[in-house]
Structure formats: structure tokens, C-alpha cells
Amino acid sequence: MLNFKKATVTISYSFKDVNNTTEVDRTMVLGVGNTVNILQHTNSAQYSTAIASANTTSGDKKLFLKGGNGSVGYIDLFASIDNVGFDRTTGKIVTGSGGNGVPDELDYLKAKGWLINEANLVFNIDQPAMSSILFENQPNRILVYNANNKIPVTDYYYDNTSSTKANRGKIVYNGFNTSTQYKVRITNYIRNLVNKDSTNVKLGICVNQNINNVVFSAKKSLTTEITNNQWTTMGQSERKEHAMKFVPNASIMNPLGTVLYGNNFAPTDADYAKRLKLEIWYTKP
């Protein structure tokens, strides 16, 4: 990706002086100024079919991420089943409570009282699907973000590592392409869910062009943007509905794409071990 705003056109020319005897050499440097994106994309039939038939209830076997005028993925951590409650005082699961608005899987983590040392989302790359794409033509990085509030996850802000290169900072938060997988640290996000009753939001995932760019842009389907004052007065459901109409600028700037394994695999499936994983390292009290 070239930064054409820093490009120049140099014109070298010569002319004779007023006496038409001596030749004088001159150089004129012109700035390029504003530029436009003229990239053209032809989506494969496999990509188009997958996007059109996305399973928003149970998830998909494959996640198709593409920058530019492409696609992002969404992740709901923990099963949506909510049949039991969690007693914070006793630290025990209360059955027959009719649910408490928290997924049962998360309630069990709360009841364990574990000290969360580290947590990561691990995305394995679909190697057969990407076999014809050279490594340097695959996205160097992905971004996991809070899709409910159009901001990165907490761990992004906890990571103070930086670099002079646009996409090399935040090395603890990570998300780098290792040629076989991407791993993103969400330790503090999980700690807040388990220990501080934070909201279990929908997570977004996209390809990334600049890890320092956390600005989100509205999709064409959003006809009216809201002000900051309106945002602060909106309820969680309204916020979520509105925020889902935004995608990170860092994805729009990147024309590359990748195919990752999702979650919807049966244990007998040959690719079951490659499915999307939430890894948690913990210490028992």
C-alpha cells in the first residue's frame, strides 16, 4: 500500500538564457495532492455464497475476512444458554433460578473463582483455501474489537508498546499473521467478565492496515449519524444496533483478505482441532 499523499512528480527541463547562449537547467517538483481509490475486486463464488448464507445463530465453519468493500466477522463468546444463576456471596451456581441474564458458561467461570493469568482468541488460517495466495499478499494483521461500542477491546488500551511503523505496535495485544494462525490477547476483557460483571459484548474481527487507527466509519446503509450526546443517552440495545453499522477504518484501508476456521464443527469433523478457540490460563485459589 503506497502512500500517494507523499508522492511527487518531478519535471526536469532546460532553457536558454536571454542572450540565447547559455543553457540553464531547472527542476520543478509538484505534489500529487488528493488521491482516489481505484482498486477493483472480483469476489469468488465461494466468498459470495459464504457471506450470503452466514449462520448468525450457530456460527460458521469458516470466517471470510476481507478489507476494502469487503466483510468482517462477529463472535459471541460463551453459549447463549441462561438457565441458572450465580450467587456472588457464596460463589456458587444457583439452579432453578430461571437465569440471571448471564450465559451459564460464564456463570461457571465466575463460580470457580479462578485468577485469570492470560486469555487469547486463536484463529487458525484455512491453509487449503489460502494455498494459492503468497504470504506477503495475506493480511499482516487482524483486529478484534468491541462491536457493541465501536472501540477496540480493553487489552488494546492496556498495551503501551509502539513502533514507528503503522502496523507493528501493540505487540502484546498482537494479532500478527504467523503463516498458520492469528492470536489476539483478551486477558483483561475476560478478567472483567469474570471478576467485575462487565458486559459480555459482541466482538468484531477484521483485517488491519494500521493498528494505531481506531476510527470507525459508517456503512452506506446508515443514513443518519448520531452525535456524542445522543450516544451517551442511548440504551445498550440501541447502542449495539447502531454500532453494528460501523466498521474500523483500518479494515477499509486494507484490500487483502483471509479465510479463518470458525466454531461450527462437530467433534467428528476432520478440522475440529482447527476450530476457533478461547484459551484461558488460570490459577486455582
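Remember, it's a predicted structure, so these values are computed and weren't measured experimentally. Numbering starts at 1 and runs along the sequence shown.
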Looking at side-chain heavy atoms only, is the closest gap between [X] and [Y] below 4.5 Å?
X: Ile190; Y: Leu77; value: yes
X: Thr180; Y: Asn124; value: no
X: Lys112; Y: Val194; value: no
X: Asn43; Y: Lys66; value: yes
X: Ser217; Y: Ile252; value: yes
X: Asn208; Y: Asn167; value: yes
X: Ile211; Y: Tyr156; value: yes
X: Lys277; Y: Gln181; value: no

Residue pair [X] / [Y]: nearest heavy atoms and the distance that separates them:
X: Asp82; Y: Gly101; value: OD2-N, 2.7 Å
X: Arg168; Y: Phe176; value: NH1-CE2, 3.5 Å
X: Asn200; Y: Pro103; value: ND2-CG, 4.2 Å
X: Ile93; Y: Ala111; value: CG1-CB, 4.0 Å
X: Phe78; Y: Glu105; value: CA-OE1, 3.1 Å
X: Ile116; Y: Arg191; value: O-NE, 2.8 Å

* **Asn195 atom CG: more than 12 heavy-atom contacts under 6.0 Å** => yes
* Asked: Would one find more than 12 heavy atoms of other residues, nucleotides or ligands at under 6.0 Å from atom OH of Tyr108?
  -> no
* Relative to the ring of Tyr145, is the ring of Phe216 parallel (under 30°), tilted (30 to 60°) or perpendicular (over 60°)? ->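 The arrangement is perpendicular - the two ring planes meet at more than 60°.
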Side-chain heavy atoms under 4.5 angstrom apart, residues restricted to Ile, Leu, Val, Met, Phe, Trp, Tyr: same cluster for [X] and [Y]?
X: Ile133; Y: Val259; result: yes
X: Leu193; Y: Trp281; result: no
X: Leu256; Y: Leu63; result: no
X: Ile51; Y: Val72; result: yes
X: Val201; Y: Val153; result: yes

* **Worked check of side-chain contact (heavy atoms from CB on, under 4.5 Å) between Leu109 and Phe86** => CA-CA 10 Å; Leu109 286 182; Phe86 172 69; over 6 Å; no
* Asked: Are Thr187 and Tyr158 linked by a side-chain donor-acceptor pair shorter than 3.5 Å?
  ->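 Checked: Thr187/Tyr158 side chains show no N/O donor-acceptor pair below 3.5 Å.
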* To do: Check each of Leu260, Val184, Leu143 against Ile205 using the side-chain contact (heavy atoms from CB on, under 4.5 Å) test, and report the only one that passes.
  => Leu260
* Start with the C-alpha gap between Phe123 and Ile75, add the side-chain angles, then the distance that decides, and say whether side-chain contact (heavy atoms from CB on, under 4.5 Å) holds. => CA-CA 12 Å; Phe123 303 87; Ile75 304 167; 3.7 Å; yes
* What distance separates Asn174 CG from Thr161 OG1, expressed to the nearest 0.5 Å? ->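 OG1 of Thr161 is found 9.5 Å from CG of Asn174.
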* To do: Test Leu203 against Leu121 for side-chain contact (heavy atoms from CB on, under 4.5 Å), laying out the working first.
  => CA-CA 11 Å; Leu203 300 178; Leu121 281 173; 4.1 Å; yes
* Start with the C-alpha gap between Asn140 and Tyr182, add the side-chain angles, then the distance that decides, and say whether side-chain hydrogen bond (donor to acceptor under 3.5 Å, both in side chains) holds. => CA-CA 9 Å; Asn140 171 256; Tyr182 297 89; over 6 Å; no
* With sequence neighbours excluded, tell me which residues meet salt bridge (Lys or Arg N to Asp or Glu O under 4.0 Å) with Lys183. =>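 Per chain and number, Lys183 pairs via salt bridge (Lys or Arg N to Asp or Glu O under 4.0 Å) with Glu279.
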* To do: Look at Arg185 together with Asp159 and state whether they make a salt bridge at an N to O cut-off of under 4.0 Å.
  =>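 Result for this pair is no, no salt bridge flagged.
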Using atom types as modelled, flag every donor-acceptor pair under 3.5 Å from a side chain in residues 22-33 to any protein atom, sequence neighbours excluded.
from: Thr22; atom 1: OG1; to: Asp17; atom 2: OD2; distance (Å): 3.4

* To do: Please test Arg275 against Asn263 for side-chain contact (heavy atoms from CB on, under 4.5 Å), starting from the C-alpha separation and ending with a verdict.
  => CA-CA 5 Å; Arg275 70 196 186 283; Asn263 69 299; 5.7 Å; no
